[in-house]
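Below, chain A is the first sequence line, B the second, and so on; all start at residue 1.
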Number of protein chains: 2
Amino acid sequence: MPAAARQNATSRTDPLPAATPPKRRAGRPASAVLDQAVITAAALRLIGKSGYDGLTMAALARSLDVAPSALYNHVTSKRDVLVLVEDHLAALVDVSAFGREPWNEAVRRWAWSYRDVFSKHTPLIPVIAVLPVTDAPQTLAMYETVSAGLRKAGFPEERIISSIVALESFIFGSAFDVTAPADIFDPGSMAESTPNFTAAVQSLAEQGHEKPADIAFSLGLEALISGLGALRN
Amino acid sequence: MPAAARQNATSRTDPLPAATPPKRRAGRPASAVLDQAVITAAALRLIGKSGYDGLTMAALARSLDVAPSALYNHVTSKRDVLVLVEDHLAALVDVSAFGREPWNEAVRRWAWSYRDVFSKHTPLIPVIAVLPVTDAPQTLAMYETVSAGLRKAGFPEERIISSIVALESFIFGSAFDVTAPADIFDPGSMAESTPNFTAAVQSLAEQGHEKPADIAFSLGLEALISGLGALRN
DNA sequence: TTTCCTAAATGAATGGCATTCATTTAGTGG
DNA sequence: CCACTAAATGAATGCCATTCATTTAGGAAA
């Protein structure tokens, strides 16, 4: 049957001849297409292109030219994918200043780097914040470096974790700020009923040429560093 | 037809006689069933019962005995519902110490209250953090009170907003910690490769009888309060 | 060499979700 | 009394994550 004739066929019960490009078939291939590293890389690519809204199991599978269900052979849930991404990002956080610089400078660099990395990935924060370290080796490695640095700086052992948690909490919260719209503090029609707030916003706007989120981060970070440092041995 | 016979009916093409309770019909009722206050209250009830996973437009409508589409006459999106809830919660944050207590004590009470309220509502944090204040009058009122308090305490005008943002960032981050599992820092099989971290975790566990999240919050908050306070006029 | 086992894929199906839209209706303001 | 409109309905759309029975390729065991 010529192609022209086929166009006019009104009923066909036989399976369509595969006009689509040769799909991989089921079954064990020479070497498996998927593994966690491949999935992580694809997820990062997808997030970079379409943001976290674009990160769906379906889109992820599509980008790997694979059925969505295939992902579940390597990952137990979408949350798992997020954990993989998170741990990958943790390795990008710069802890190199520990052991090279004084403790307070090392913390400063670490904190800025940490904030910068995760401000581009704020949807991960609710996941990280409650994630057992066991599930994220790179993250754990980061904690180890920071712990060693604080210990060497004379932080009392029993206050090391709390100090890290306090810093990290501040960092996570600040990561959200980075993504806030510029006019977030515009009181609009409520300006008259909030004179103190309105004046403070105005004053900040006139003052700073730096980004507000950076000013606040610097302010809080320096306060934390000196406050925590005061409690060393 | 008796009930027993009806059970055996195998085919019925006639519409089922409405055995369901009398549904409201379309059209303008004597007084409208829905408004934003009603929706907010229902959302809070639902969140209390089923958590944020249970807060869906469908479930919300169900709890109000209304069609899901009806909600969209009063709210433009699910995010809108979250904003309504958020602003309701902001009114629960205790700012009463401002004007009654010294500034540092007022900030302390405010911060603990703020953290406690939102630690039960962490899914709102990504929403709040980037929400223009215009859309949340109660939240704005809170900012006004805090701004006035800091101003009276001698904070330089241009640093008031940054100070609030820094505190708030820390509070939001800390709210997540409260919900973290108890064993979040258990290094598991990686203990040997992370000696400093493992020792620090161990030491904290032996020390504290307070909840770790509270210790870290207290530590960071006191550091922030004294650090920010040092910059007053 | 043949047979068996299993990892890794498929695709269909499930039951949800937020949101949109045309439609209906009951009060209200003119 | 009539026209208008706010506020409801229910059907439909196009997603989503996840599950499951099934298929098959390739290596291990016999």
**Q** Residues in side-chain hydrogen bond (donor to acceptor under 3.5 Å, both in side chains) with B:Asp87, at least two apart?
**A** B:Thr139

**Q** Suppose we screen for side-chain hydrogen bond (donor to acceptor under 3.5 Å, both in side chains). Which residues come up paired with B:Asp94, at least two apart in sequence or across chains?
**A** B:Ser96

**Q** How are the rings of A:Phe176 and B:Phe176 set relative to one another: parallel (under 30°), tilted (30 to 60°) or perpendicular (over 60°)?
**A** parallel

**Q** Just to be sure I understand the geometry, which residues of residues 40-47 of chain B put a non-hydrogen atom under 4.0 Å away from DNA chain C?
**A** none

**Q** Check whether the side chain of B:Asn73 and the base of D:dA8 form a donor-acceptor pair under 3.5 Å.
**A** yes

**Q** Test of understanding: with side-chain contact (heavy atoms from CB on, under 4.5 Å), list the residues that count as partners of A:Ala58, not counting sequence neighbours.
**A** A:Thr56, A:Arg62

**Q** Show every donor-acceptor pair shorter than 3.5 Å between a side-chain atom in residues 162-173 of chain A and any protein atom, with sequence neighbours excluded, or say none if there are none.
**A**
unit_1   : atom_1 : unit_2   : atom_2 : d
A:Ser163 : OG     : A:Arg159 : O      : 2.7
A:Glu168 : OE1    : A:Tyr143 : OH     : 3.1
A:Glu168 : OE2    : A:Tyr114 : OH     : 2.6
A:Glu168 : OE2    : A:Tyr143 : OH     : 2.5
A:Ser169 : OG     : A:Val165 : O      : 2.9
A:Ser169 : OG     : B:Asp177 : OD2    : 2.6

**Q** Is the phosphate of D:dA6 approached by B:His74 (side-chain N or O, under 4.0 Å from OP1 or OP2)?
**A** no

**Q** Provide a list of protein-nucleic acid N or O atom pairs under 3.5 angstrom, restricted to nucleotides 11-14 of chain D.
**A**
none

**Q** Answer yes or no: is there a donor N or O on one side and an acceptor on the other, between the side chain of A:Ser113 and the main chain of A:Arg109, under 3.5 Å?
**A** no

**Q** Would you indicate which nucleotide in D:dT18, C:dT19, D:dA7 comes nearest to any side-chain atom of B:Pro68?
**A** C:dT19

**Q** Anything under 3.5 Å between a protein N or O and an N or O of nucleotides 14-18 of chain C, put it in a table, one pair a line.
**A**
unit_1 : atom_1 : unit_2  : atom_2 : d
C:dC17 : OP1    : B:Thr56 : OG1    : 3.2
C:dA18 : OP1    : B:Met57 : N      : 2.9
C:dA18 : OP2    : B:Met57 : N      : 2.9
C:dA18 : OP2    : B:Ala58 : N      : 3.3

**Q** For residues 117-134 of chain A, which side-chain N or O atoms pair as donor and acceptor with protein atoms under 3.5 Å away, sequence neighbours left out?
**A**
unit_1   : atom_1 : unit_2   : atom_2 : d
A:Ser119 : OG     : A:Arg115 : O      : 3.3
A:Ser119 : OG     : A:Asp116 : O      : 3.0
A:His121 : ND1    : A:Tyr52  : OH     : 2.6
A:Thr134 : OG1    : B:Asp186 : O      : 2.7

**Q** For the pair made of CD in B:Gln36 and C1' in D:dA6, what is the distance, rounded to whole Å?
**A** 15 Å

**Q** Specify the separation, in whole Å, of atom CG of A:Leu71 and atom C1' of C:dG11.
**A** 14 Å

**Q** With sequence neighbours excluded, tell me which residues meet side-chain contact (heavy atoms from CB on, under 4.5 Å) with A:Glu192.
**A** none

**Q** Separation of A:Leu34 atom CG from C:dT10 atom C1', in whole Å?
**A** 12 Å

**Q** Could you pull out all residues at least two apart from A:Tyr72 that satisfy side-chain contact (heavy atoms from CB on, under 4.5 Å)?
**A** A:Met57

**Q** Check the distance between C:dA8's P and A:Leu64's CG and give it to me in whole angstrom.
**A** 15 Å

**Q** Under the side-chain hydrogen bond (donor to acceptor under 3.5 Å, both in side chains) rule, collect the residues that match up with A:Thr40, sequence neighbours excluded.
**A** none

**Q** Quick one: A:Leu60 CG to D:dC16 P, roughly how many Å, whole number?
**A** 12 Å

**Q** Holding to side-chain hydrogen bond (donor to acceptor under 3.5 Å, both in side chains), I want the full list of residues that pass it with A:Gln202, two or more places apart in sequence or in another chain.
**A** A:Glu206

